[in-house]
Amino acid sequence: MAVGAARSDEGFTSERAARVVGAACRAAGLDGEGAELIRFGENALFRLASAPVVVRVARGEEWLPKARIEVAVSRWLAGECFPAARIVDDLEQPLLVDGHPVTFWHLIREGDRKATYGELGGILRDLHSMTLPAGVEFPSFDPFGKQELRIDRAPIPEDDRVFLRKRWRELRDQFGELSFETAKGPVHGDAHVQNLMVDEQGQVILIDFEAFCFDHPEWDLMVTATEHHSLGWQTDEQYADFVRAYGRDLYDWPGYDTLRRLQEFGMTTWLMQNVREDERTAAEYRRRISALRNDDAPRDWRPW
């Protein structure tokens, strides 16, 4: 279902996303008054004041296939009783509002703690052991699909854009040389600990299915492996808990370095989309792009 007409003359900002939420809620028969922005990253997430619902707004119509995947994944995992975010079932989804895919999710009421890295390893182990039923299909993992759009559209200096396009081509060549030894299966595609929530009952819940795919499990292990071995975002104990729960350390795999470079590249292009939001974001982007230009430089990046 489409609402309004797509407009490409305005960049994706939190203010624009708020207007989309208002129109989407009217189309869905919900009250969007007082909706609160809770996160602005690849998507904009708003919590409704009138109902326990989170509204997710994607950047543009090109993301519509991914929004459809999110809906399909949520329905599949719900049928399997897997602890995962749930869409609001009695609404047509996704909506297309002013050129932005919009989905509606049941609010997860958080408890008093965050998920651990051991819990992340355990939930990924369980996810990777699942078998897709007949008739359910998901795409292969694509580390490059969104990158072109990001590089073309981000408000960054032109010399950064030239460098990123060159690095993009280099990474594609390295990607083509990877040799996986594991079987393909369900893969989250963006498996970091912030994509786990712990509800009021203490249940760990997997969220954010935009990159969900059917591919090799290494794609889910590269995130935490890179955050630890390259960025130092976890203690040795935290990372050991992750490895122990999952049963494997990707760092020992010959293809790790290629996946590390792909992960760092994606983390940089993800952030650069929002450099106009505030100076803090712009400063972190400058820190990351500077490190990408020197593969031997320390990664003193901040979690975002």
Side-chain angles (χ1 to χ4, degrees), residues 6-17 39-44 57-66 99-101 139-178 189-190 192 210-211 213 215 218-219 222-223 225-227 229-233 255-304:
R7 298 192 299 267
S8 59
D9 58 338
E10 180 183 356
F12 188 64
T13 63
S14 54
E15 291 81 6
R16 174 170 172 78
R39 182 165 177 78
F40 188 77
E42 186 73 65
N43 305 271
V57 182
R59 287 183 169 268
E61 192 165 350
E62 299 89 343
W63 279 262
L64 183 58
K66 291 188 176 296
H100 296 275
S140 298
F141 186 79
D142 181 7
F144 301 102
K146 293 184 293 187
Q147 307 295 359
E148 285 185 291
L149 285 172
R150 290 173 175 175
I151 294 169
D152 288 346
R153 297 181 178 181
I156 57 174
E158 191 58 30
D159 62 328
D160 284 358
R161 206 180 316 275
V162 171
F163 164 75
L164 289 168
R165 285 173 177 152
K166 181 176 183 291
R167 175 60 60 90
W168 184 87
R169 292 190 294 269
E170 293 171 352
L171 290 173
R172 284 193 68 92
D173 290 341
Q174 294 175 17
F175 170 73
E177 297 174 358
L178 283 173
D190 190 21
H192 53 77
E210 182 180 276
C213 58
D215 216 305
E218 284 86 352
W219 294 116
M222 76 171 177
V223 181
T226 299
E227 289 180 351
H229 293 294
S230 181
L231 307 178
W233 286 0
Y256 163 75
D257 196 58
T258 295
L259 266 60
R260 173 193 64 82
R261 298 181 81 226
L262 283 166
Q263 176 66 15
E264 291 179 354
F265 186 82
M267 293 173 71
T268 302
T269 63
W270 169 79
L271 186 70
M272 75 184 185
Q273 301 172 105
N274 300 328
V275 294
R276 287 180 176 167
E277 283 291 305
D278 52 57
E279 175 54 30
R280 177 172 169 267
T281 303
E284 179 63 20
Y285 163 69
R286 291 193 295 269
R287 181 178 293 108
R288 294 186 183 187
I289 191 70
S290 177
L292 285 191
R293 291 177 180 274
N294 180 1
D295 208 42
D296 295 324
R299 269 44 176 166
D300 57 342
W301 300 3
R302 280 100 186 247
W304 215 255

Take atom CZ in Arg165; do more than 12 heavy atoms of anything else shown fall under 6.0 Å from it? yes
Is the closest side-chain heavy-atom distance between Leu259 and Thr226 below 4.5 Å? no
Are the side chain of Arg153 and the backbone of Gly11 linked by a donor-acceptor contact shorter than 3.5 Å? no
For the pair Lys166 and Glu170, find out whether any cationic side-chain nitrogen is under 4.0 Å from an anionic carboxylate oxygen. yes
What pair of heavy atoms forms the shortest contact from Gly189 to Phe141, and how long is it? O-CE1, 3.5 Å
Arg276 atom CZ: more than 12 heavy-atom contacts under 6.0 Å: no
Judged by atom type as modelled, is there a donor-acceptor pair below 3.5 Å linking the side chain of Arg288 to the main-chain atoms of Arg302? yes
Separation between CG (Asn274) and OG1 (Thr281), nearest 0.5 Å, reads 6.5 Å
Applying ring-ring contact (aromatic ring centres under 6.0 Å, His included), name anything that partners Phe175, two or more places apart in sequence or on another chain. Phe144, Trp219
For Asp159 and Arg293, the nearest pair of non-hydrogen atoms, with its separation, is O-NH2, 3.5 Å
Can you tell if the side chain of Arg260 reaches within under 4.5 Å of the side chain of Met222, non-hydrogen atoms only? no
Report the distance from atom CZ of Arg299 to atom CG of Leu231, rounding to the nearest 0.5 Å. 8.0 Å
Qualifying residues under salt bridge (charged side-chain N to carboxylate O under 4.0 Å, His left out), relative to Arg286, sequence neighbours excluded: Glu279
Quick one: pull up CD in Glu148 and OG1 in Thr269 and give me the separation to the nearest 0.5 Å. 11.5 Å
In Å, rounded to the nearest 0.5 Å, how long is the span from CH2 of Trp270 to NZ of Lys146? 10.5 Å
Check whether any side-chain heavy atom of Asp257 sits under 4.5 Å from a side-chain heavy atom of Gln174, and report yes or no. no
Does Ile156 offer a backbone N or O that forms a donor-acceptor pair with the side chain of Arg161 under 3.5 Å? yes
Please report the shortest heavy-atom distance between Ala44 and Phe12, naming the atom on each side. CB-CZ, 4.0 Å
Does Arg167 make a cation-pi contact with Phe265 (under 6.0 Å, within 45 degrees of the axis)? no
Is the closest basic N to carboxylate O distance between Asp142 and Lys66 below 4.0 Å? no
Donor-acceptor pair, distance only, cut-off 3.5 Å: does the side chain of Trp301 make one with the backbone of Trp233? no
Taking every non-hydrogen atom, the tightest pair across Ser140 and Cys213: C-CB, 3.8 Å
For residues Glu264 and Leu292, report the shortest heavy-atom separation together with the two atoms involved. CB-CD2, 4.1 Å
Shortest non-hydrogen contact from Leu262 toward Pro143: CD2-CB, 4.3 Å
Which residues satisfy the salt bridge (charged side-chain N to carboxylate O under 4.0 Å, His left out) test with Asp300, sequence neighbours excluded? none
Verdict with reasoning, Met272 to Leu164, per side-chain contact (heavy atoms from CB on, under 4.5 Å): CA-CA 11 Å; Met272 75 184 185; Leu164 289 168; 3.6 Å; yes
Could you tell me if Arg172 sits above the aromatic ring of Trp168, with its cationic atom closer than 6.0 Å to the ring centre and no more than 45 degrees from the axis? yes
State the CZ-CH2 distance between Arg280 and Trp304, to the nearest 0.5 angstrom. 3.5 Å
If only side-chain N and O atoms count, and only distance matters, is there a donor-acceptor pair under 3.5 Å linking Ser14 with Glu277? yes
